[in-house]
Protein chains: 2
Amino acid sequence: MRADAQRNAEKLRTAAAELFRERGLQAPLKEIARRAGVSHGTLYNLFGTREALIDEVVTDLAADRLEEVARHALAQDDAWDGFVYYIETLCELQVTDAAISDVVAGRYPNAERLMALCGRARDAATRIIERAHESGALRPDFTGEDLVFVFATNAVLSRAVKDTAAPDAWRRGIAFVLDGLRTEAAHPLPTAPLTGQQLYEVMANVAAAR
Amino acid sequence: MRADAQRNAEKLRTAAAELFRERGLQAPLKEIARRAGVSHGTLYNLFGTREALIDEVVTDLAADRLEEVARHALAQDDAWDGFVYYIETLCELQVTDAAISDVVAGRYPNAERLMALCGRARDAATRIIERAHESGALRPDFTGEDLVFVFATNAVLSRAVKDTAAPDAWRRGIAFVLDGLRTEAAHPLPTAPLTGQQLYEVMANVAAAR
DNA sequence: ACATAACTTGACCATAGGGTCAAGTTAAGG
DNA sequence: CCTTAACTTGACCCTATGGTCAAGTTATGT
């Protein structure tokens with residue numbers, strides 16, 4: 001690869017990281033090119049597809065963040081506190097980083113490496129949930145698949161309250177949900193949990209809805 | 001108004017009602033005209049703006065539904081049951097009618113009559129909430145403004161699960177929240193409730209988020 | 001220094017949406 | 001039946017998006 005192409009790729013990566021962060025994974029590619037000070041043709045040349053760009057620019061960063069949060073959550077003495085830490089910290093990330101918000105909410109295209117990362121993240125989440133189950137604090141009928149509800153929800157909520165006079169209001173919404181997830185709060189649920197297949201279907205719809 | 005114009009207006013109203021119901025209040029005006037079998041120029045001629053069309057086609061219908069649900073909720077013997085009925089029934093409406101879903105979620109443009117209706121609906125909701133507060137079943141720190149969280153959330157959720165193998169999954173999401181709204185489940189909240197002004201701001205963002 | 005492969009550009013294609021208006025058509029009153 | 005005001009149409013304008021490619025430019029090896 002020629003040196004100028006290398007430089008352009010770098011400028012594009014930087015611009016893409018910024019814009020994805022600000023506006024989410026659906027940010028217009030032409031605007032990324034504009035911000036990088038480069039023709040959009042060059043972007044298509046160097047990266048080909050949005051997915052490739054995402055995989056280069058978002059995946060590793062998101063992986064680091066998600067793994068760090070999961071590690072910390074499992075490190076907490078109290079399993080319930082760990083669970084709450086996991087939910088709340090990911091929700092905080094959703095507020096400050098629209099790209100991660102989309103990742104966590106399952107609102108991402110079929111970027112290969114990103115999907116692999118999400119698989120790993122789900123495994124980590126499962127461990128955190130199981131630990132909270134075993135401690136007795138988390139209601140037993142809450143499953144890993146139910147997390148989509150929490151994060152898809154918070155993606156919308158946090159975007160709506162951001163840049164208003166009450167930018168922290170999402171915490172209130174999440175607090176109501178968390179109070180409903182304690183074992184003492186549990187009442188029988190009206191519906192079976194999602195299967196893996198169903199989760200996949202639902203996530204595809206969340207990704208399409210924009 | 002000439003008879004042919006009258007007929008066209010009627011065709012447009014019918015098509016608009018259908019499309020709003022299927023796809024929400026942001027359905028393309030040109031597609032409404034297409035479905036009505038009429039030029040989009042005629043739509044602009046007869047209605048002028050999307051807001052005017054919404055006010056003619058959605059507002060009364062939505063008003064009937066919302067008032068009916070509120071009435072029923074207040075008629076329940078048990079205040080908590082009434083509150084749950086209110087939430088669940090509106091959420092059910094959100095599943096079957098995307099127009100009402102937008103109305104309930106606060107995702108509507110500045111259509112005059114529709115906004116007036118929403119004011120009235122909020123008053124009704126306040127009464128239902130107060131009654132549930134007085135009965136002691138609903139946590140005292142839950143306010144009418146917190147309803148946006150519930151309905152904006154369910155607008156997304158229900159759209160994501162609709163047309164999947166688990167079209168009722170939204171009930172699960174709502175059930176977790178409802179369990180968190182009981183007095184026994186309450187733990188201190190991290191944030192003050194939204195003021196009326198803040199609610200307005202948040203709703204404007206919900207409306208802008210497509 | 002120059003040939004050439006590598007790279008960049010911007011015009012161009014298409015789609016989808018909002019919106020306007022001159023020109024043509026038609027309902028309806030006299 | 002014929003005039004005319006009312007109405008309809010669709011071509012046209014704009015913006016924004018995804019995407020392609022011929023033609024022009026430039027870095028780099030020899």
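The sequence lines fix the lettering, A, B, ..., with proteins before strands; numbering per chain opens at 1.
Look at Glu68(B) and Arg71(B) and you find a salt bridge, because one of the NZ, NE, NH1 or NH2 atoms lies within 4.0 Å of a carboxylate O, short of that distance.
For the pair Asn8(B) CG and dA27(C) P, the computed distance is 11 Å after rounding to whole Å. Computed from coordinates, the Leu12(A) CG to dT9(C) C1' distance equals 13 Å when rounded to whole Å. Between the CG atom of Leu53(A) and the P atom of dG18(D) there is a distance of 11 Å, rounded to whole Å. Atoms CG (Leu43(A)) and C1' (dG18(D)) sit 12 Å apart, rounded to a whole Å. To the nearest angstrom, C1' of dG17(C) lies 12 Å from CZ of Arg23(B). With rounding to whole Å, Leu19(B) atom CG is found 10 Å from dG17(C) atom P. Rounded to a whole Å, the CD atom of Gln26(B) is 14 Å from the C1' atom of dG18(C). Rounded to whole Å, atom C1' of dG19(C) lies 17 Å from atom CZ of Phe47(B).
Remark on DNA chain D: of its neighbouring residues Pro28(A) and Leu46(B), the 5'-side contact belongs to Leu46(B), judged by nearest-heavy-atom nucleotide. Residue Ala27(B) is the one, among Arg7(B) and Ala27(B), whose nearest nucleotide of DNA chain C lies closer to the 5' end (criterion: closest heavy atom).
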Table of protein N/O atoms under 3.5 Å from nucleotides 28-30 of chain D N/O atoms:
{"unit_1": "dT28(D)", "atom_1": "OP1", "unit_2": "Ala3(A)", "atom_2": "N", "d": "3.0"}

What nitrogen or oxygen pairs link the protein and nucleotides 19-22 of chain D at under 3.5 Å?
{"unit_1": "dG19(D)", "atom_1": "O6", "unit_2": "Lys30(A)", "atom_2": "NZ", "d": "3.1"}
{"unit_1": "dG19(D)", "atom_1": "O6", "unit_2": "His40(A)", "atom_2": "NE2", "d": "3.1"}
{"unit_1": "dT20(D)", "atom_1": "O4", "unit_2": "His40(A)", "atom_2": "NE2", "d": "3.2"}

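Not one N or O on the side chain of Glu56(B) forms a donor-acceptor pair closer than 3.5 Å with the backbone of Arg13(B). Within the 3.5 Å criterion, the main-chain N or O of Leu25(A) finds a donor-acceptor partner in the side chain of Arg50(A). Distance alone, capped at 3.5 Å, places no donor-acceptor pair between the Arg172(A) side chain and the Leu189(B) backbone. Arg35(B) contributes no side-chain N or O that, together with a main-chain N or O of Ala15(B), makes up a donor-acceptor pair within less than 3.5 Å. Under the 3.5 Å distance criterion, the side-chain polar atoms of Arg139(A) are matched with a main-chain donor or acceptor of His187(A). Asp179(A) places no side-chain N or O within 3.5 Å of a backbone atom of Gly180(B) that could act as its donor or acceptor partner.
Residues Val161(A) and Gln198(B) fail the side-chain proximity criterion, which asks for heavy atoms closer than 4.5 Å.
Residues passing the ring-ring contact (aromatic ring centres under 6.0 Å, His included) test with Phe83(A), sequence neighbours excluded: Trp80(A), Phe142(A).
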